[in-house]
2 protein chains.
Amino acid sequence: MPPTKPLDRVVPIGTLAERTGVKVETIRYYEQVGLLPEPERSEGNQRRYGRAHVERLAFIKHARDLGFAVESIRTLLRLSDTPGMPCDEAHAIAAGHLGEVREKIARLRSLEAELARIATVCSGGVAAADCAVIEALADHGRCEHHGH
Amino acid sequence: MPPTKPLDRVVPIGTLAERTGVKVETIRYYEQVGLLPEPERSEGNQRRYGRAHVERLAFIKHARDLGFAVESIRTLLRLSDTPGMPCDEAHAIAAGHLGEVREKIARLRSLEAELARIATVCSGGVAAADCAVIEALADHGRCEHHGH
DNA sequence: CTACAACCTATAGCCACTAGAGCTTCAAGA
DNA sequence: TCTTGAAGCTCTAGTGGCTATAGGTTGTAG
């Protein structure tokens, strides 16, 4: 028989990791915090995963990549496990997260403007006493009014 | 004598906290990790801060507000303490941080686009089985190619 | 049968705080 | 002077989402 690895229905944790792009340690962590159900074990006590696990982990990974908190993912998984439920909660989680992301962007943009201003004034080579970076940080009169 | 508090040269930790907008616990933490020097103590072992502490803590707060890591702030403070040194390092830290902030913004913007797409398709009220949010997360074929 | 990669558990560390328990000190009013 | 209560003190543990290490066991190719 050839190494039919990609078609195996039951795979060890390393293969699951490769297949989903999630590290082995992270997979065990997800199991520990209850995102991923405990899989069957081999005779020697090693984890053996099936197709359902691959799909569930892909779901988790995708949600994490989108920045959802583990707690939100727990809820989203619960919803996806009970397809009859209305999905208002899922929408609320996504919309809430979108709001957070937008806030973060806004905050980072104001940081970016401030940092760019500071960093362009001083491009190094000057004595620290006259450095615009140090000065800007020391001079709290300039920036504390538009709270970044 | 009236309560000349705002002009006192030696203040307890609570007043320092009020004056800088940094929480009492955080001030003690900064002292513990060596950002803020240990102040004098009252006879009863309570911290008493002077003008120099206020300025230093304001510097730290401003830098933290701008997102600098504590480790970077340590270096920036060292530079500002030795005004003769050239400030190339300060410039490098600021420029490096600006780069990180810009990367974060870029990543968040791609998240925002994806989340907005997902969240607008499904605005709730639908059964979870048909919910675009759940579906988008489950369907890894759609998004894994443009790595967010 | 042996070698060695891959697996296992348990624990500690990361960052920058934050919260709590259980105690002591300070300052204002009676 | 005494009492009260806010504010201070130290020490420890918890947060989120992993990541790393130590020290052992299992699976499998040659």
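Here is the naming used below: chain letters follow the sequence lines, and residue numbers restart at 1 for every chain.
Whole-Å rounding puts the B/Glu25 CD to C/dC15 P distance at 21 Å. What separates CD of B/Glu31 from P of C/dA16 is a distance of 18 Å, to the nearest Å. The CD1-C1' distance, from A/Ile27 to C/dT9, rounds to 17 Å in whole Å. The separation between A/Leu57 atom CG and D/dC18 atom C1' is 14 Å, rounded to whole Å. Distance CG (A/Leu16) to C1' (C/dC7): 14 Å, rounded to an integer number of Å. Counting to the nearest Å, the P atom of D/dG14 and the CD atom of A/Glu71 are 18 Å from each other. Computed from coordinates, the A/Leu36 CG to D/dG17 P distance equals 16 Å when rounded to whole Å. Between B/Glu43 atom CD and C/dC26 atom C1' there is a gap of 12 Å when expressed in whole angstrom units.
Using a 4.0 Å cut-off, no side-chain N or O of A/Ser42 falls inside it from OP1 or OP2 of C/dC7. Between A/Tyr30 and D/dG17 there is no side-chain N or O to OP1 or OP2 distance below 4.0 Å.
Salt bridge A/Arg74/A/Glu71: present, at least one basic N to carboxylate O contact under 4.0 Å. Electrostatic pairing of B/Arg28 and B/Glu31 does not count as a salt bridge here, judged by no charged N lying under 4.0 Å from a carboxylate O. The pair A/Arg56-A/Asp81 meets the salt-bridge criterion, since a charged nitrogen lies less than 4.0 angstrom from a carboxylate oxygen.
Pairs of residues two or more places apart, or lying in two chains, never qualify as side chain to side chain donor-acceptor pair (under 3.5 Å) while including a residue from residues 33-44 of chain B.
Considering only heavy atoms from C-beta on, B/Leu57 stays 4.5 Å or farther from B/Leu35 through its side chain.
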| query | When every nucleotide of nucleotides 3-13 of chain D is labelled 5' to 3' by its protein contacts under 4.0 Å (heavy atoms), B for base, S for sugar-phosphate only, - for none, what sequence of letters results? | reply | -----SSB---
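Shortest non-hydrogen contact noted between B/Ala90 and A/Ile134 is CB-CD1, 4.3 Å.
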